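Taking it in order: structure first as structure tokens, then the write-up.
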Amino acid sequence: MRLSAYFVPTMKETPAEAQIVSHRLMLRAGMIRQMSAGIYAWLPLGHRVLRKVESIVREEQDRAGCQEMLMPTVQSADLWRESGRYDAYGPEMLRISDRHEREMLYGPTNEEMITSIFREECRSYRDLPKLLYHIQWKFRDEVRPRFGLMRGREFLMKDAYSFDMNFEGARKSYNRFFVAYLKTFARMGLKAIPMKAASGPIGGDMSHEFLVLADTGESAVFCHRGLLALEPPGDDVDYGGDLQPIVDTWTSLYAATDEEHDPAQEAALGGDLVKARGIEVGHIFYFGTKYSKPMRAVVAGPDGQDIPVEMGSYGIGVSRLVAAIIEASHDDAGIIWPESVAPFRVGLVNLKADDAGCAQACETFYANLGRAGVDVLYDDRDARAGIKFADMDLMGLPWQLVVGPRGLKNGLVEIKNRATGERQEVTMESAMSHLMG
RNA sequence: CGGGGAGUGGCGCAGCCUGGUAGCGCAGCUGCUUUGGGAGCAGCGGGUCGCAGGUUCGAAUCCUGUCUCCCCGACCA
């Protein structure tokens, strides 16, 4: 992509309304624009990141054996009356009526809908287990939206639902998501720690929040130092096998958010206690027959008797993750994208756009890197060097390839690593092979 | 939902108290000079001062209402 033609309205100054760093940087880097309180438009650069994050989430859900589908954003109020949540949900639910005055709502979540779909089609224990997910926009009419995408009203969420015949099956499903989440966040360069979460009236130990550690996180977290050193599962995980040992490893050490924190643990942990801050990016929980019973989602067991299915629900805040990644990875100059979610891998900076030699070298790089499958954002603008460097640092592409007349005289170009700030002058051939890796 | 604050050009702000026909920096456009970390000079364009009423000869400024946005708290992926 040529920057001269790309729609990325970057800003030198920070809009007054943006308080936290991810909000500020997303506005300044031209990724998003606010349309209403808590509602944002994704501009091309931001959209690329959102799609990358979404893809990683999707891949890991698929690997875990979960099947993607897509449910509507607008739902019928009647469905929610079946579970009793239409009245219970309160003003956070955006209620709307259609032209026939039918009561509708913009979905804040999809338990009722997926349960309804499931019960129509699945009648036998032989249909189980089923793991289903979708990635869809949700709306929760927060009293007070804030922190940019971190607490918006409209947000993109991956929500998955599991259906099993009994508790043991439900635990296996739960473990699949537990492991998939560890992998998902690790792929985005994040340290995400599972923390025991309140499981409400259901009880039990099967409810975990996944918190990304970032200094600016909104909740205080307390955990054992050992958790930070744990290696997340790799691609060799066998989802068909027993995942309990992995889950046990990650849940055996103390970890809690401030709400669940037991101060007595601090003394017990001593020097192993880590106090940090975190951002919740995922939540998994088992809720048994909470919806299947009232909504009569039952299957016939081996003995012919109907039994309500055991369910669980598993969310990841996809749009929030984009902000969380920035909170966890930035510096004074701007964003520092992990390679896996970067909108482009390489920023090609032509320091002197009207110099024939520079232009030619850049065009060659641009074409060759493109052919090699490397995403390149080519700053071909007729602008000053300082502006180009500042914009590149702000947008945070992992690699900058700087081409200027000074180096070019000696056949050299400069490669800068955005994360470390390290620069090296290399030959053009070496630059190519370096950036293709 | 309780408490606080703000709406003036694309962005950041001043002007409001003490009414007199709107200003500064950045950004934009044109020209010249510059050119490896957000250039300099000269010129140009762009604002129904959130909206609606009211007071007044005259309202960005005073009064009333209303909408929107932000911050703190309670609530939440």
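Since this is a predicted model, take the numbers as computed values, not measurements. Numbered from 1 within each chain, the chains take letters A, B, ... in sequence-line order.
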Item to check | Cationic N near anionic O, under 4.0 Å, A:Glu339 to A:Arg345 | outcome: yes

Checklist entry - Going by modelled atom types, is there a donor-acceptor pair between the base of B:G12 and the side chain of A:Arg28 at under 3.5 Å? => result no

Checklist entry - Rounding to the closest angstrom, what is the interatomic distance between B:A59 and B:U68 at atom C1'? => result 22 Å

Checklist outcome for this item: Checking B:A77, B:G36, B:G38 against the side chain of A:Ile387 (C-beta onward), the nearest is B:G38

Item to check | Euclidean distance for P, B:C49 against B:G40 (whole angstrom) | outcome: 33 Å

Item to check | Pair partner, B:G37 [Watson-Crick or wobble, under 3.5 Å] | outcome: none

Item to check | B:A77 base stacked by A:Phe155 (centroids within less than 5.5 Å, tilt under 30°) | outcome: yes

Next on the checklist: Would you call the rings of A:Phe139 and A:Tyr106 parallel, tilted or perpendicular, taking 30° and 60° as the class edges?
Outcome noted: perpendicular

Checklist entry - Taking the same atom, P, in B:G31 and in B:C71, what whole-Å distance lies between them? => result 43 Å

Checklist outcome for this item: When both distances are under 3.5 Å in a Watson-Crick or G-U wobble arrangement, the nucleotide paired with B:G45 is none

Item to check | Name of the residue among A:Leu182, A:Leu228, A:Val274 meeting side-chain contact (heavy atoms from CB on, under 4.5 Å) with A:Ile193 | outcome: A:Leu228

Next on the checklist: Please report whether the ring centroid of A:His434 lies less than 6.0 Å from that of A:Trp399.
Outcome noted: yes

Checklist entry - Looking only at atom C1', what distance separates B:G73 and B:C63, rounded to whole Å? => result 32 Å

Checklist entry - Taking CG from A:Asp355 and P from B:G36, how many angstroms apart are they, rounded to a whole number? => result 13 Å

Item to check | Proximity to the side chain of A:Arg384 - top-ranked nucleotide from B:U35, B:G36, B:G37 | outcome: B:U35

Checklist entry - What is the pairing partner of B:G73, taking Watson-Crick or G-U wobble pairs with both distances under 3.5 Å in any strand? => result B:C1

Next on the checklist: Under 3.5 Å, is there any donor-acceptor pair linking the side chain of A:Arg144 to the base of B:G3?
Outcome noted: no

Item to check | Minimum-distance nucleotide to A:Gln34 side chain [options: B:C13, B:C76, B:C70] | outcome: B:C70

Item to check | Distance, C1' atom - from B:U61 to B:G50, rounded to whole angstrom | outcome: 16 Å

Checklist entry - Given B:G37, B:C71, B:C1, which nucleotide is nearest the side-chain atoms of A:Gln19? => result B:C71

Checklist entry - Across all strands shown, which nucleotide pairs with B:C26 by Watson-Crick or G-U wobble geometry, both distances under 3.5 Å? => result B:G10

Checklist entry - For B:U64, which nucleotide is its Watson-Crick or G-U wobble mate, given both distances must be under 3.5 Å? => result B:A52

Checklist entry - Does A:Arg146 make a side-chain N or O approach to OP1 or OP2 of B:G73 shorter than 4.0 Å? => result yes

Checklist entry - Using the P atom in both, what is the distance from B:U48 to B:G10, to the nearest Å? => result 9 Å

Next on the checklist: Once hydrogens and angles are ignored, does a donor-acceptor distance under 3.5 Å link the base of B:C76 to the side chain of A:Arg140?
Outcome noted: no

Next on the checklist: Using a distance-only criterion (donor-acceptor N/O pair, under 3.5 Å, no hydrogens), is the base of B:G38 paired with the side chain of A:Glu13?
Outcome noted: no

Checklist entry - Taking the same atom, P, in B:G43 and in B:A60, what whole-Å distance lies between them? => result 29 Å

Checklist outcome for this item: Separation between CD (A:Gln244) and OG1 (A:Thr249), nearest 0.5 Å, reads 10.0 Å

Next on the checklist: For a 4.5 angstrom cut-off between non-hydrogen side-chain atoms, does A:Leu401 reach A:Leu369?
Outcome noted: yes

Next on the checklist: When you compare the side chains of A:Tyr254 and A:His261, does any donor N or O come within less than 3.5 Å of an acceptor on the partner?
Outcome noted: yes

Checklist outcome for this item: Quick note, A:Phe389 side chain, CB onward, closest among B:G38, B:G36, B:C13 is B:G36

Checklist entry - Taking the side chain of A:Glu280 as its heavy atoms from C-beta onward, which of B:G37, B:A77, B:A27 lies nearest to it? => result B:A77

Item to check | Identified pairing partner of B:U21, criterion: Watson-Crick or G-U wobble below 3.5 Å | outcome: none

Next on the checklist: Roughly how many Å apart are B:C57 and B:C1, using the P atom of each and rounding to a whole number?
Outcome noted: 42 Å

Checklist entry - The side chain of A:Lys12 lies closest to which of these nucleotides: B:C76, B:A27, B:C1? => result B:A27

Next on the checklist: In this structure, how many angstroms lie between the P atom of B:C69 and the CG atom of A:Leu27, rounded?
Outcome noted: 15 Å

Next on the checklist: Over all strands shown, is A:Gly315 touching base, sugar-phosphate only, or nothing at heavy-atom distances under 4.0 angstrom?
Outcome noted: nothing

